[in-house]
Amino acid sequence: MSAPAPFHSPADGPPGGHASGPDRSVTAAPAPLPDRLIAHLDMDAFYASVELLRYPDLQGLPVVIGGGRRPQPSAQAEDGRAHAHARLRDYAGRGVITTATYAARALGVHSGMGLMKAAALAPDAILLPLDFDAYRRHSRLFKAAVAEVAPVIEDRGIDEIYIDLSDVPGARDTVGGDPLGGVRAIGQRLKQAVKDATGLTCSVGITPNKLLSKLSSDLDKPDGLTLLMPADIPVRLWPLPAARINGIGPKANERLAALGIHTIGELAAAPLDQLIAEFGSNQGHWLHEAAHGRDDRPVVTWREPKSISRETTFERDLHPRDDRASLGPIFTRLCEQLASDLERKGYVGRSIGVKLRYDDFRIVTRSITLPQATRDAADIRRWAGRCLKTVPLDRRLRLIGVKMASLAVGDGHTTDATSSAEGPLAPHGSLPLFDFTESA
DNA sequence: TCTGGGGTCCTAGGACCC
DNA sequence: TCTGGGGTCCTAGGACCC
């Protein structure tokens, strides 16, 4: 358990050894290589690219991957030709785009967009369902290929990784008078290894830290290789929108805009006091450091999971009372899936929680901590049911989920103490409460 | 006819303890 | 006869990311 905080608290102070401001000028001698050389490698339109390996005839066409829970309505016979694929216009349901090919992005659709909305923009785009097994297979392949070149890898999900190149042999070699020649060659080797192993392209950024590398891998997509060193920050970083910084989302971006801050350079020039006044000490300091390209988070090769969860969005909103007959079995199945996930991964947990999303998109959560860890499906179901009883169930639900936290490595044979308790939870207010968890 | 599923981390208040 | 003050655990909500 060595998960570092993603942001540096003010107590950590700024990382040492840096000049304090935007005062770099062109110098005659090349700057020495930084202490660390960190790569961020991002697969290009990953899910879509894996699908194009399978359907090469779709190359260059607008294709979106995504899906709802409904069967593809007009997926005709699987005769393997382009006309067999569903079109976006035929979709009906609640799915979102997971990945869009670059041709589809040119039509204005992007990941996260609802498929119904995307269909209005690009009705003729091809819609392919998700095939997670295939994506996981290719994910393992590209990560293994990278590990052959540079073994210190931090997993950031199915399609991206950080790689610590600091101690890779040759990384600090000067090639043809270029002090970055060695590290550039390693970047090219990484890309070639990924291509050889998977047939897929990726984009790589190499810089002194994770923050800058993440930004840089995005500067020349697809199939890019971008090196960015501290002296490049004013020219290459500061013109970018502040929201390009990993960790500045829509909310923070709006608050920055209200301060008249739109670019990373404007953020770098903002008085620290002003940022702290607006965002608090922690985030204020972090914003300031980030805008100056400073980040000393290490590349973390393994971390224990903190929680494991299952959730599902219904095809139509369900009422806790009227649709009790549907909700009960769905809820039970989520608990069983969660129990089997815990077993497969070798964890038990002490904190069981539920999550509901109402039809108006409001989310409520409830959780309870048990005296003993468990992974038993019936235990989970029982305690999650107790949590549900404390939630107002007075309007339709869009989503329900179950989560286990406070995880520990374990085999699940150490406890049965929680099995039959009637517990401490009191109903919430005076709202009508329905228990759809008990079979009628 | 908006808006998936699986995660991480932070904040903030209350309980409880020394 | 006010006002303590840290530290930790628990719970709920929210921002953000892939």
Side-chain angles (χ1 to χ4, degrees), chain A residues 3-9 40 42-43 45-47 65-70 89 91-99 109-121 129-130 132 135 139 154-162 210 214 217-218 243-255 279-284 286 297 300 303-317 334 337-338 341 345 350-371 387 390-391 398-407 424-425 428:
Chain A
F7 305 155
H8 297 285
S9 73
H40 180 257
D42 196 85
M43 299 298 289
F46 183 54
Y47 297 178
I65 317 300
R69 328 174 41 75
R70 307 200 172 199
R89 63 155 40 92
Y91 178 81
R94 296 183 145 177
V96 299
I97 294 179
T98 311
T99 315
V109 306
H110 54 81
S111 56
M113 179 181 282
L115 286 170
M116 299 300 295
K117 183 175 175 187
L121 291 168
L130 289 155
F132 275 106
Y135 312 145
S139 180
E154 175 174 336
D155 223 303
R156 294 302 297 185
I158 199 162
D159 70 339
E160 62 181 77
I161 52 178
Y162 291 104
K210 294 205 289 190
K214 169 80 177 165
S217 67
D218 206 41
R244 291 280 283 275
I245 289 175
N246 192 246
I248 298 181
K251 303 286 184 178
N253 195 46
E254 230 173 85
R255 291 165 74 184
F279 292 93
S281 172
N282 207 345
Q283 204 186 357
W286 173 75
R297 291 171 301 164
V300 177
R303 56 186 92 196
E304 290 285 349
K306 300 275 193 288
S307 66
I308 296 175
S309 66
R310 283 281 184 147
E311 66 185 49
T312 189
T313 296
F314 313 128
E315 291 175 27
R316 62 177 180 88
D317 297 340
L334 287 173
Q337 288 171 328
L338 177 56
D341 292 345
K345 297 177 179 178
R350 287 178 55 231
S351 171
I352 293 174
V354 299
K355 167 178 160 183
L356 301 180
R357 171 131 62 198
Y358 294 107
D359 55 2
D360 61 1
F361 247 69
R362 272 175 32 248
I363 291 172
V364 298
T365 61
R366 292 290 184 274
S367 69
I368 185 165
T369 298
L370 312 182
C387 290
T390 74
V391 179
R398 180 183 180 90
L399 167 151
I400 187 163
V402 188
K403 171 158 93 169
M404 183 73 87
S406 298
L407 299 181
L425 298 183
H428 180 274

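Everything quoted here is computed from the prediction, not taken from an experiment. Computation of the quantities below employed the complete heavy-atom set of this structure, encompassing side-chain atoms and omitting hydrogens, waters and symmetry-equivalent molecules.
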Geometric class of the A:His40/A:Tyr162 ring pair [parallel <30°, tilted 30-60°, perpendicular >60°]: tilted

Sugar-phosphate only, base, or nothing, as touched by A:Ile245 at under 4.0 Å among non-hydrogen atoms: sugar-phosphate

Phosphate contact (C:dA15 OP1 or OP2) by A:Asn253 side-chain N/O below 4.0 Å: no

Check ion pair A:Arg357-A:Glu311 (N to O, under 4.0 angstrom): no

Below 4.0 Å: OP1/OP2 of B:dT8 and any side-chain N or O of A:Ser307: yes

Same-atom distance (P) from B:dT1 to C:dC18, integer angstrom: 31 Å

A:Asn282 vs B:dT11: side-chain N/O to OP1/OP2 distance below 4.0 Å: yes

Short side-chain N/O contact from A:Arg156 to OP1 or OP2 of C:dC17, under 4.0 Å: no

B:dG5 OP1/OP2 closer than 4.0 Å to side-chain N/O of A:Lys403: no

Nearest listed nucleotide, side chain of A:Val96, among C:dC18, B:dG6, B:dG4: B:dG4

Short side-chain N/O contact to B:dG5 OP1/OP2 from A:Thr313, under 4.0 Å: yes

A:Arg366-A:Thr390 side chain donor-acceptor pair, cut-off 3.5 Å: yes

A:Asn246 side chain, from C-beta outward: closest of B:dG4, C:dC18, C:dT11: C:dC18

Minimum-distance nucleotide to A:Arg398 side chain [options: C:dG13, B:dT3, B:dG5]: B:dT3

Min side-chain heavy-atom separation A:Met404-A:Leu338 under 4.5 Å: yes

Under-4.0 Å side-chain N/O to phosphate OP1/OP2 contact, A:Thr369 with C:dT11: yes

Sugar-phosphate, base or nothing in reach of A:Lys345, heavy atoms under 4.0 Å: sugar-phosphate

Short side-chain N/O contact from A:Arg350 to OP1 or OP2 of C:dC10, under 4.0 Å: yes

Presence of A:Lys214 side-chain N/O under 4.0 Å of C:dC18 phosphate oxygens OP1/OP2: yes

Sugar-phosphate, base or nothing in reach of A:Lys251, heavy atoms under 4.0 Å: sugar-phosphate

A:Met116 side-chain proximity, nearest of C:dA12, B:dC9, B:dT1: B:dT1

Below 4.0 Å: OP1/OP2 of C:dG13 and any side-chain N or O of A:Thr365: yes

Nearest to side-chain heavy atoms of A:Ser367, which nucleotide of C:dT11, C:dC18, B:dG4: C:dT11

Straight-line distance of A:Arg398 CZ to A:Asp317 CG, nearest 0.5 Å: 6.0 Å

Phosphate OP1/OP2 of B:dG4: any A:Thr312 side-chain N/O under 4.0 Å: no

In C:dC2, glycosidic geometry as syn within 90° of 0 or anti otherwise: anti

Sugar-phosphate, base or nothing in reach of A:Ala252, heavy atoms under 4.0 Å: sugar-phosphate

P atoms of C:dC2 and B:dC16, separation to the nearest Å: 26 Å

Side-chain N,O (A:Arg366) to OP1/OP2 (C:dG13) below 4.0 Å: yes

Out of C:dC16, B:dG5, C:dA12, whichever nucleotide has its closest atom nearest the side chain of A:Glu311: B:dG5

Counter-base of B:dG7, judged by Watson-Crick or G-U geometry with both distances under 3.5 Å: C:dC16

Nearest listed nucleotide, side chain of A:Lys306, among C:dT11, B:dC9, C:dC16: B:dC9

